[in-house]
Engineer: 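Just passing along the structure, written as structure tokens.
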Amino acid sequence: MKFKSYEVVRMKRYALSHRSYDFLAMNKQLITHSARYTFIQEMWKNGRRYIIAKRKVFGEDKEEIVRVVIRYD
């Protein structure tokens, strides 16, 4: 599944620490306190990388496709 740039811009954006981001990229799945992220694809744009992933919040039935970026702080 390929995403066009205008589709990616309209997605919700979630920021993860660099360790969590790398774990998601390597293992294709990440479980946080609030949700489960499942890797779909990694993209590069303007020298920055981000992941397109499915996010399923615990206790809810729906899944959403989101853009995951690295949190710099």
Side-chain angles (χ1 to χ4, degrees):
M1 175 184 298
K2 295 277 185 173
F3 291 93
K4 306 236 186 285
S5 62
Y6 64 87
E7 292 175 318
V8 172
V9 170
R10 297 167 79 195
M11 292 178 185
K12 286 186 180 178
R13 180 178 172 262
Y14 289 90
L16 296 175
S17 70
H18 67 283
R19 288 182 180 168
S20 296
Y21 182 94
D22 291 340
F23 186 89
L24 176 60
M26 287 177 25
N27 297 313
K28 308 303 184 215
Q29 196 169 59
L30 172 70
I31 298 173
T32 64
H33 291 290
S34 61
R36 176 189 306 251
Y37 295 86
T38 305
F39 180 93
I40 296 176
Q41 78 182 57
E42 187 171 29
M43 300 179 77
W44 286 83
K45 185 170 183 170
N46 298 331
R48 295 184 181 219
R49 65 181 183 160
Y50 53 90
I51 292 175
I52 306 298
K54 279 194 277 187
R55 181 176 188 263
K56 179 162 181 8
V57 178
F58 297 125
E60 294 183 11
D61 292 334
K62 69 175 188 165
E63 287 184 345
E64 58 185 344
I65 297 178
V66 298
R67 178 174 48 142
V68 179
V69 297
I70 298 173
R71 182 179 72 220
Y72 296 101
D73 48 307

Engineer: I'd like to check V69 versus R48 (side-chain heavy atoms, cut-off strictly below 4.5 Å). Are they in contact?
Structural biologist: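 Result no, sub-4.5 Å side-chain heavy-atom pair not found.
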Engineer: Can you tell me if K54 has over 12 outside heavy atoms packed within less than 6.0 Å of its NZ?
Structural biologist: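 12 or below, so no.
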Engineer: Looking at NZ of K56 and CG of D61, how far apart are the two atoms once the value is rounded to the nearest 0.5 Å?
Structural biologist: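 CG of D61 is found 6.0 Å from NZ of K56.
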Engineer: Show every donor-acceptor pair shorter than 3.5 Å between a side-chain atom in residues 22-29 and any protein atom, with sequence neighbours excluded, or say none if there are none.
Structural biologist:
| unit_1 | atom_1 | unit_2 | atom_2 | d |
| --- | --- | --- | --- | --- |
| D22 | OD1 | R49 | NH2 | 2.7 |
| N27 | ND2 | F23 | O | 3.4 |
| K28 | NZ | A25 | O | 3.0 |

Engineer: Any sub-3.5 Å donor-acceptor pair from Y21's side-chain atoms to Y50's backbone N or O?
Structural biologist: yes
Engineer: Going by side-chain heavy atoms closer than 4.5 Å, which hydrophobic residues are tied to I31, directly or by a chain of links?
Structural biologist: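 Listed partners: F58.
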Engineer: The criterion is side chain to side chain contact (heavy atoms under 4.5 Å, CB included); which residues satisfy it with T32, sequence neighbours excluded?
Structural biologist: L30, S34, A35, Y37
Engineer: Would you say I70 and W44 are hydrophobically clustered, going by side-chain heavy atoms of ILVMFWY under 4.5 Å?
Structural biologist: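 Unlinked, I70 and W44 end up in two clusters.
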Engineer: Going from CZ on R55 to CD on E60, what distance comes out if it is rounded to the nearest 0.5 angstrom?
Structural biologist: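 That separation rounds to 8.0 Å.
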